[in-house]
> 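Take this structure, written in structure tokens, and hold onto it; I'll ask about it next.
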Amino acid sequence: PALLAIAPGDLVALDVLRVSGRRAQRWDLVVGACERLAELLKAPARVAASREEAGVVCVESLGDGARAERNLRAALQVQPERPVAYARLREVLEGRRDTAGLEALVASRIPHVEDAAERAGMHWEQARLRRALGLREGALVDEPCLPHPPQDPVPPRHRASQVQGRVEA
């Protein structure tokens, strides 16, 4: 801290504070250094990494969900494809039982997922969350050509014929 009073914008001093804070398990110093680094850094990947580290430390070591959420959202705003920031923000929202926040998070993540199977799973998750919010009409509007849910081996049209066959039999 005394070092930062001399040079508050010194990136090296902030990084030294971040690393020494980790070694001393002074998590408040780690988070503060990461947040300040994110404000000063120019490279988007470094900014996102600093925000992500701050958010993860807030969740794991400080138990500060609100501060973690701010940092993790900031990381995802700069680099939406960051898997750790997404997973940790998801944990924060699930812990708070924030279905609307989860739906918004999943919706913002979908365009950045390249794998078709993962993207389809996320669309199904989004549909489940929308149904939980009472938004049944818009549950699958965004992706009309979705295959059946990954965990369901029977497509809906076959399931309907199976049910119909049992009723008629």
Side-chain angles (χ1 to χ4, degrees), residues 1-133 135 138-139 142-143 150-151:
L3 178 62
L4 293 178
I6 298 168
D10 185 350
L11 298 177
V12 174
L14 286 166
D15 201 42
V16 167
L17 180 63
R18 180 186 67 80
V19 171
S20 62
R22 276 194 170 281
R23 287 190 180 148
Q25 295 184 349
R26 293 281 315 275
W27 305 117
D28 55 328
L29 293 178
V30 175
V31 172
C34 287
E35 289 173 339
R36 184 69 180 131
L37 279 167
E39 293 170 4
L40 298 172
L41 292 167
K42 303 282 187 244
R46 298 282 315 268
V47 170
S50 290
R51 289 292 183 183
E52 182 177 84
E53 182 178 357
V56 169
V57 171
C58 282
V59 168
E60 290 180 352
S61 302
L62 296 179
D64 187 346
R67 193 171 183 186
E69 182 177 354
R70 281 193 307 276
N71 280 296
L72 295 168
R73 284 190 187 282
L76 290 171
Q77 187 174 1
V78 175
Q79 277 192 322
E81 65 280 357
R82 295 190 73 86
V84 173
Y86 173 77
R88 290 309 177 103
L89 180 55
R90 187 178 175 93
E91 288 173 14
V92 169
L93 296 172
E94 286 173 345
R96 213 171 56 212
R97 293 192 169 125
D98 182 354
T99 305
L102 280 168
E103 192 279 328
L105 178 64
V106 169
S108 68
R109 176 78 171 180
I110 289 172
H112 304 286
V113 175
E114 292 183 19
D115 181 64
E118 183 181 353
R119 192 172 46 255
M122 291 191 81
H123 276 291
W124 283 105
E125 174 69 6
Q126 181 183 33
R128 185 187 67 75
L129 291 166
R130 285 182 175 177
R131 284 191 307 273
L133 290 168
L135 304 172
D142 294 336
E143 192 71 24
Q151 64 272 40

> Of Leu41, Leu37, Val19, which is the lone residue that meets side-chain contact (heavy atoms from CB on, under 4.5 Å) with Leu14?
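The side-chain contact (heavy atoms from CB on, under 4.5 Å) with Leu14 is passed solely by Leu37 among Leu41, Leu37, Val19.
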
> Drop me the distance from Leu102's CG to Arg96's CZ, to the nearest 0.5 angstrom.
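Output value for this atom pair is 9.0 Å.
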
> To the closest 0.5 Å, what do you measure between CD (Glu69) and SG (Cys58)?
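That separation rounds to 11.5 Å.
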
> Can you check whether Leu76 reaches Leu105 side chain to side chain, under 4.5 Å on heavy atoms?
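When only atoms from C-beta onward are counted, Leu105 and Leu76 do touch, with a gap below 4.5 Å.
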
> Is it the case that the side chain of Arg119 and the backbone of Val113 share a donor-acceptor pair, with hydrogens and angles ignored and the cut-off at 3.5 Å?
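Here the side-chain-to-backbone pair exists.
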
> Run the side-chain contact (heavy atoms from CB on, under 4.5 Å) check on Arg70 and Arg67 step by step: do they pass?
CA-CA 5 Å; Arg70 281 193 307 276; Arg67 193 171 183 186; 3.4 Å; yes

> Is any side-chain N of the basic residue among Glu52 and Arg88 closer than 4.0 Å to the acidic one's carboxylate O?
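No salt bridge links Glu52 with Arg88.
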
> Are Arg90 and Tyr86 linked by a side-chain donor-acceptor pair shorter than 3.5 Å?
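Yes - a donor-acceptor pair under 3.5 Å links their side chains.
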
> Do Met122 and Gln126 touch side chain to side chain, with heavy atoms closer than 4.5 Å?
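Result no, sub-4.5 Å side-chain heavy-atom pair not found.
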
> If you measure from OG1 on Thr99 to CD on Glu94, what distance do you get to the nearest 0.5 Å?
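Rounded to the nearest 0.5 Å, the OG1-CD separation comes out at 9.5 Å.
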
> Minimum heavy-atom separation for Ala54 to Cys34, with atom names?
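Ala54 and Cys34 have their closest heavy atoms at CB-CB, 3.7 Å.
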
> Applying salt bridge (charged side-chain N to carboxylate O under 4.0 Å, His left out) as the test, list every pair that has at least one member in residues 99-116; sequence neighbours left out.
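Non-adjacent pairs meeting salt bridge (charged side-chain N to carboxylate O under 4.0 Å, His left out): Glu103-Arg130.
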
> Hey, is CD on Gln77 packed in by over 12 heavy atoms from elsewhere, all under 6.0 Å?
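Incorrect, the count does not exceed 12.
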
> In Å and rounded to the nearest 0.5 Å, what is the OG to CZ distance from Ser50 to Arg36?
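Here the interatomic distance stands at 12.0 Å.
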
> How close do Val92 and Val59 get, counting heavy atoms only, and between which atoms?
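So the two residues come closest at CG2-CG2, 3.7 Å.
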
> I want to check something: taking the side chain as every heavy atom from C-beta on, are Glu53 and Asn71 in contact at a cut-off of under 4.5 Å?
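They are not in contact (no side-chain heavy atoms under 4.5 Å apart), so the answer is no.
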
> Provide the closest heavy-atom pair for Ala75 versus Arg82 in the form atom of the first, atom of the second, distance.
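Scanning both residues completely, I find the closest heavy atoms to be O-CD, 4.2 Å.
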
